[in-house]
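Here is the structure we will look at, set down as C-alpha cells.
Numbers restart at 1 for each chain; the letters A, B, ... are given by sequence-line order, proteins then strands. Here the structure is a predicted model, which means the values were calculated and not measured.
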Protein chains: 2
Amino acid sequence: MRSTSSNARDRILTAANKLFYAEGIRAVSLDTIAAKAGITKKTVYYHFKSKDDLIEAYLVSRDQPNLELFRSWFEAAEGGLPDKVQAIFQNIAASARHPKWKGCGFLRTAAELANMPGHPAMKVGAAHKKKFEAWMAEEFQAAGRELAPYPAHDLARHVMLLLDGAFSTILVHRDAAYAEAAGEAARVLVAGALGGASQRA
Amino acid sequence: MRSTSSNARDRILTAANKLFYAEGIRAVSLDTIAAKAGITKKTVYYHFKSKDDLIEAYLVSRDQPNLELFRSWFEAAEGGLPDKVQAIFQNIAASARHPKWKGCGFLRTAAELANMPGHPAMKVGAAHKKKFEAWMAEEFQAAGRELAPYPAHDLARHVMLLLDGAFSTILVHRDAAYAEAAGEAARVLVAGALGGASQRA
DNA sequence: TGAAGTATATTCACTGGTGAGTATACTTTG
DNA sequence: CAAAGTATACTCACCAGTGAATATACTTCA
C-alpha cells in the first residue's frame with residue numbers, strides 16, 4: 001500500500017490546482033505549493049520531476065472534470081440544440097460571477113507559456129480544447145442533417161471560438177455578461193445552421 | 001533639449017515591447033530589459049517608477065497602433081460589410097503565421113495578471129478592447145438600419161468575442177486556421193444581421 | 001559674462017529576498 | 001532489513017528595488 005504516497009501526491013496536486021489557477025503558473029513557487037500541501041519541497045520533487053511536470057499534471061487533472069461539467073450543463077438544459085448550447089454559456093456566466101473565478105486554466109496557461117510552444121502542458125491544453133470541439137461536432141452531427149450547408153465541425157469550431165472568446169473577454173473586463181453575449185451569438189449560429197429562422201432570445 | 005532622456009525612455013519602451021510580448025510579463029526581468037536597451041536598471045527606475053508601471057506603459061504604447069491596424073485592414077478590404085469584417089480575421093491569420101507572433105498582448109497580459117484585477121495594465125487592456133468594440137458598433141450603425149432586430153452593439157460584441165476567441169485559440173493550437181474559421185463565423189453573423197440570406201464563402 | 005547653483009539623466013554596486021533544484025540523512029512500513 | 005517516502009538544510013542564480021555618486025545641461029544673478 002502506498003496510501004501515504006498517494007496522499008502526498010494528491011495533496012500536492014490539489015494545492016497546485018488551487019494556486020496555479022488562482023495566481024498563475026509563473027507567479028507560484030514550488031515552495032508555496034509545498035507549504036500549502038503541508039509538506040516539503042523535496043517531497044514535491046519526489047513525486048514530480050520538475051515544476052513543468054507539475055504544471056502538466058495540473059492541466060491533466062482538469063481535463064476530464066471540465067469536459068464533464070460542460071456536458072452536464074448541456075444535458076441538463078431544456079429545449080432544442082440552440083438552447084442547450086446557449087446553456088453552456090449561461091452556466092459559464094454564472095460561474096464567472098464567483099469571485100474566485102479566474103478564467104479558463106488552459107487558456108491562461110497557454111498565454112503564460114506562449115514562449116514555449118513545445119511545452120508538455122501546451123499539448124494537454126490543445127488536446128483538451130480539441131476534445132470540446134469534437135464533442136460539439138458530435139452533438140451537432142447527431143442532431144440531424146438539417147444543417148447541410150453548415151458542416152457540423154465548422155459549427156462546432158465556431159461555438160468553441162465563442163467560448164474561448166468569452167473566457168478571455170470576461171477576464172479582461174471582469175464582466176460575466178460577455179458570456180451571455182457569446183451565448184446569444186452561439187445561439188444565432190446554431191439556430192441559423194438548423195435552417196430555421198434565427199429566433200433570438 | 002532632453003533628447004538623451006527621450007532616447008533612453010524610448011529604448012526602454014522598445015525593449016520592453018519586444019521582450020514582454022515575446023516572453024511574457026512575468027518571464028522578463030528588468031535586468032533583461034535594461035540590458036536589451038543598453039542602459040542600467042537604475043535608469044529604468046528613473047523613467048518608470050516600477051515594473052508594473054512599465055507594463056502599463058507597454059500596453060499603452062500598443063493601444064493606438066493595434067487599433068489602427070484593424071482599421072486599415074477593414075478599410076482596405078473590398079466588398080460589403082461582411083467582407084470587410086472577415087478581412088480583419090484573414091489579416092490576423094496572416095500575421096499569426098509569422099513565427100514571432102504570440103497572440104494578443106492585451107489578452108496575454110490579462111491572463112498573467114488575472115490575480116491582480118485592479119492592476120493599471122488591466123484597465124488599459126479593458127479600454128483597448130472596448131475601443132475596438134465601439135468602433136465596430138459605429139461601423140455597423142453607419143452601414144445601415146437594415147440590421148434592425150440585431151442591434152449594432154450586440155453584433156459588434158459578437159464579432160469582438162470571435163476575435164478574442166481566435167487570438168486565444170491560435171495560441172493554444174499554434175494554428176492560424178482558427179482565425180479563418182472565426183472570420184467565417186463573423187461573416188455569417190454580419191451577413192445574417194443585414195437580413196440577406198447568409199451566404200457563406 | 002561667467003561662476004554658482006539646481007534639475008535632469010545616468011552609472012556602479014549593492015540588498016534583502018525568492019526561485020528552482022539538490023545532497024544527505026532520517027523514518028516509516030511491508 | 002530494504003525500499004519508499006519525507007525532512008533538514010543547502011546551493012546558486014536571479015529578481016525587484018535602492019543608495020550614493022557623477023556627469024551633463026539649464027538657470028540665475030553679481
Quick one: [X] [atom1] to [N] [atom2], roughly how many Å, whole number?
X: A:Arg9; N: D:dT6; atom1: CZ; atom2: P; value: 12 Å
X: B:Ile12; N: D:dA16; atom1: CD1; atom2: P; value: 14 Å
X: A:Tyr46; N: C:dT27; atom1: OH; atom2: C1'; value: 13 Å
X: B:Ile33; N: D:dC14; atom1: CD1; atom2: C1'; value: 15 Å
X: B:Ile55; N: D:dA16; atom1: CD1; atom2: C1'; value: 11 Å
X: B:Glu23; N: D:dC15; atom1: CD; atom2: C1'; value: 16 Å

Would A:Arg62 and A:Phe20 count as a cation-pi pair here, with the cationic atom under 6.0 angstrom from the ring centre and within 45° of the axis?
no
Validate the cation-pi geometry between A:Arg108 and A:Tyr21: distance from NZ or CZ to the six-membered ring centre under 6.0 Å, angle to the ring axis within 45°.
yes
What string of B, S and - do you get for nucleotides 19-26 of chain C 5' to 3' if you count protein non-hydrogen atoms under 4.0 Å?
SBBBBB--
If you measure from the Lys or Arg side-chain nitrogens to the Asp or Glu carboxylate oxygens, is any gap between A:Glu184 and A:Arg187 under 4.0 Å?
no
Strictly below 4.0 Å, N to O, side chains only: are A:Arg71 and A:Glu138 in salt-bridge contact?
no
At under 4.0 Å, does any side-chain N or O of B:Thr43 touch on OP1 or OP2 of C:dT11?
yes
Ignoring backbone atoms, test whether A:His47 places a side-chain nitrogen or oxygen under 4.0 Å from the OP1 or OP2 oxygen of D:dA4.
no
Centroid separation A:Phe74 to A:Trp135 less than 6.0 Å
yes
Can you confirm whether B:Lys129 sits close enough to A:Ser168 that some side-chain heavy atom of one is under 4.5 Å from a side-chain heavy atom of the other?
no
